[in-house]
Amino acid sequence: MKVGLLKYLVCPNCKQELVLSNKFKKNDEIVEGILKCKNCESIYKINNSIPRFVNTDKYVDTFSFEWNKFYDVQMDILNNSDESERTFRWKTGWRPEDLKNKLILDIGIGAGRFADVVSRWGAEVIGIDLSFAVDAAYENIGHRENVHILQADLFNLPFLPETFDHMYSIGVLHHTPDTKRAFMEVVPYLKKGGEFAVFIYGKGYHHYFSDIWRKITTKLPVRLMYYLSAIAIPLYYIHKIPFFGRIAQAVLPTANWPDWRWRWLDTFDWYTPKYQWKHTWPEVFKWFKDAGFTDIELFEEGMSGLTQICMRGRKI
Ligand SMILES: C[S@@+](CC[C@H](N)C(=O)[O-])C[C@H]1O[C@@H](n2cnc3c(N)ncnc32)[C@H](O)[C@@H]1O
């Protein structure tokens with residue numbers, strides 16, 4: 001953790017000032033330490049350079065596993081790729097000039113693939129995640145001057161209202177117990193005039209079989225699911241067979257990325273999370289409206305409008 005992060009942090013319980021003590025520093029990083037609330041005396045540890053505002057990873061243990069196993073797969077910088085940057089552009093509609101020198105909140109940072117993009121675009125980004133994905137994200141990009149990573153629950157964030165210039169949450173809110181409540185919970189942290197971009201799974205008949213499979217797969221041990229998800233690697237070739245391939249894909253949907261590691265990761269990511277809600281775009285549009293947003297836009301690429309809801313609005 002950089003000392004500079006302290007000015008943005010407050011106690012998540014009572015929103016009062018935190019005092020740093022017992023710190024062990026390495027260069028400019030606080031590697032270990034204690035953050036104590038001046039008011040309610042709650043204590044939060046800094047451990048492995050990350051402030052921890054939760055004691056467990058609750059219902060996101062599959063993501064703790066996922067992002068530490070597949071920590072490098074979707075990181076542009078580690079793969080000489082621009083896949084995550086292109087994805088970020090079309091999912092949020094933002095360009096580098098929109099975010100440069102702004103303070104951005106990444107809600108559900110995962111292994112940090114989008115925080116990587118945003119920090120390269122010249123923004124200061126704070127990434128939070130409930131899972132131990134934060135350790136992978138820290139390894140990937142935590143050393144950058146303009147990146148801060150902390151382990152926290154989006155339902156109980158350690159910030160004051162109206163702290164951030166812009167916020168985004170990509171593939172996260174539908175993995176909480178209640179997508180709409182999660183959306184409403186984070187809106188207060190955005191400044192008036194700031195923009196919020198989300199990506200949320202869309203409802204559709206094509207999820208019929210995977211929803212049935214998920215009733216089993218979400219109950220299997222995570223390590224077993226890690227090996228079972230690898231079936232996506234050879235299935236890719238079977239899915240190319242005319243007619244039979246389409247049926248196989250419909251009955252046992254698996255990710256179809258050309259890169260075999262992406263197929264494995266995305267299949268694991270689909271079949272393991274405890275919560276996986278799907279919504280329609282008018283539903284998400286209404287959340288933006290009800291939360292006081294204007295200039296609400298839906299971003300689509302190809303068929304994505306049907307299966308993925310990418311929406312952004314400006315807070316009034
Ligand atoms: C599918 S991953 C997406 C990660 C990243 N946004 C990406 O697109 O690569 C969903 C993430 O949401 C996080 N998450 C779920 N519920 C959360 C909560 N209540 N607070 C913070 N993070 C949460 C999970 O731990 C997980 O890392």
Side-chain angles (χ1 to χ4, degrees), residues 12 50-79 81 83-92 104-119 125-138 140-141 147 149-159 167-186 189 196-201 214 218 222 225 229 255 257 261-262 264-278 308-310:
I50 301 170
R52 317 274 173 170
F53 291 93
V54 285
N55 296 323
T56 75
D57 53 358
K58 292 187 185 167
Y59 55 88
V60 290
D61 52 326
T62 62
F63 287 114
S64 294
F65 182 94
E66 175 177 327
W67 294 122
N68 282 289
K69 271 282 177 211
F70 297 105
Y71 68 94
D72 58 335
V73 174
Q74 297 181 325
M75 296 297 299
D76 283 354
I77 37 160
L78 300 179
N79 294 286
S81 159
E83 185 72 48
S84 289
E85 178 162 358
R86 282 190 291 113
T87 304
F88 186 78
R89 280 174 183 261
W90 80 256
K91 282 192 167 163
T92 65
I104 312 292
L105 179 63
D106 180 333
I107 302 164
I109 187 173
R113 68 166 165 153
F114 298 122
D116 162 44
V117 173
V118 169
S119 61
V125 56
I126 300 185
I128 69 102
D129 203 291
L130 178 56
S131 74
F132 291 97
V134 289
D135 292 284
Y138 188 85
N140 283 335
I141 50 170
V147 174
I149 294 164
L150 46 113
Q151 192 173 8
D153 186 347
L154 67 85
F155 289 101
N156 195 29
L157 288 175
F159 308 115
M167 312 193 304
Y168 62 90
S169 187
I170 300 183
V172 175
L173 305 180
H174 51 241
H175 288 309
T176 68
D178 183 335
T179 318
K180 179 183 175 187
R181 195 161 70 78
F183 180 96
M184 294 299 173
E185 196 71 39
V186 295
Y189 300 103
F196 185 24
V198 298
F199 157 51
I200 290 171
Y201 287 159
R214 273 182 46 82
T218 51
V222 73
M225 277 310 297
S229 306
W257 292 95
R261 297 171 313 149
W262 280 62
W264 191 357
L265 159 58
D266 258 7
T267 301
F268 180 90
D269 184 272
W270 187 261
Y271 285 103
T272 57
K274 175 165 182 176
Y275 298 108
Q276 190 203 66
W277 307 110
K278 287 114 180 167
Q308 318 189 354
I309 301 156
C310 300

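Here the structure is a predicted model, which is why all the values come from computation and not from measurement. One-based numbering, in listed order, for ligands and for the atoms of each.
Of the protein's non-hydrogen atoms, the one nearest atom 16 (N) of ligand 1 is Tyr59 OH, 3.1 Å. Closest to atom 22 (N) of ligand 1 among all protein heavy atoms lies Leu130 N, 3.2 Å. With respect to atom 5 (C) of ligand 1, the closest heavy atom belonging to the protein is Gly108 O, 3.2 Å. What sits closest to atom 12 (O) of ligand 1 on the protein, heavy atoms only, is Val172 CG1, 3.3 Å. Phe114 CE1, 3.9 Å is the protein heavy atom nearest to atom 7 (C) of ligand 1. With respect to atom 9 (O) of ligand 1, the closest heavy atom belonging to the protein is Arg113 NE, 3.4 Å. From the protein, the heavy atom lying nearest to atom 20 (N) of ligand 1 is Leu154 N, 3.0 Å. The protein atom (non-hydrogen) at minimum distance from atom 26 (C) of ligand 1 is Phe63 CG, 3.4 Å.
Residue contacts with ligand 1, taken as heavy atom pairs separated by less than 4.0 Å, involve Ile109 solely via the backbone atoms N, CA, C and O. In Ala152, the part holding a heavy atom less than 4.0 Å from any atom of ligand 1 is the backbone. Within the 4.0 Å heavy-atom criterion, neither part of Asp106 lies near ligand 1. With a 4.0 Å heavy-atom cut-off, ligand 1 is reached by the backbone of Asp129 and by its side chain too.
Aromatic ring pairs are classed by plane angle as parallel below 30°, tilted from 30° to 60° and perpendicular above 60°; the pair Tyr201 and Phe199 is perpendicular. Note: Phe268 and Phe70 have tilted aromatic rings, judged against thresholds of 30 and 60 degrees for the angle between ring planes.
Using a 4.5 Å cut-off on side-chain heavy atoms (C-beta onward), Phe88 and Asp116 make no contact. A 4.5 Å side-chain heavy-atom check between Asp178 and Met184 finds every atom pair outside the cut-off. Residues Leu130 and Tyr59 meet the side-chain proximity criterion, which asks for heavy atoms closer than 4.5 Å. Within the 4.5 Å cutoff, no side-chain heavy atoms of Phe63 are placed close to those of Asp129. Looking only at side-chain heavy atoms (C-beta outward), Leu105 and Phe159 come within less than 4.5 Å of each other.
Close approach of ligand 1 to Asp269 (heavy-atom distance below 4.0 Å) involves ligand atoms 1 (C). Counting atoms of ligand 1 from 1 in the listed order, those under 4.0 Å from a heavy atom of Gly110 are 4 (C), 27 (O). Annotation for ligand 1: atoms under 4.0 Å from non-hydrogen atoms of Thr176 are 16 (N). Those atoms of ligand 1 with a heavy atom of Ile128 less than 4.0 angstrom away are 21 (C). When each atom of ligand 1 is checked for a heavy atom of Ser131 under 4.0 Å away, the hits are 25 (O), 27 (O). Of all atoms in ligand 1, listed by their number and element, those nearer than 4.0 Å to a heavy atom of Gly171 are 1 (C), 2 (S), 3 (C), 10 (C). Distances below 4.0 Å separate heavy atoms of Asp153 from the following atoms of ligand 1: 18 (C), 19 (N), 20 (N).
A donor-acceptor contact shorter than 3.5 Å is absent between the side chain of Ser131 and the backbone of Asp57.
Within a 6.0 Å radius of NZ in Lys278, other residues, nucleotides and ligands contribute more than 12 heavy atoms. Around the OH atom of Tyr71, the shell of radius 6.0 Å holds no more than 12 heavy atoms that belong to other residues, nucleotides or ligands.
Taking any N or O of Val60, backbone or side chain, none lies under 3.5 Å from an N or O belonging to ligand 1.
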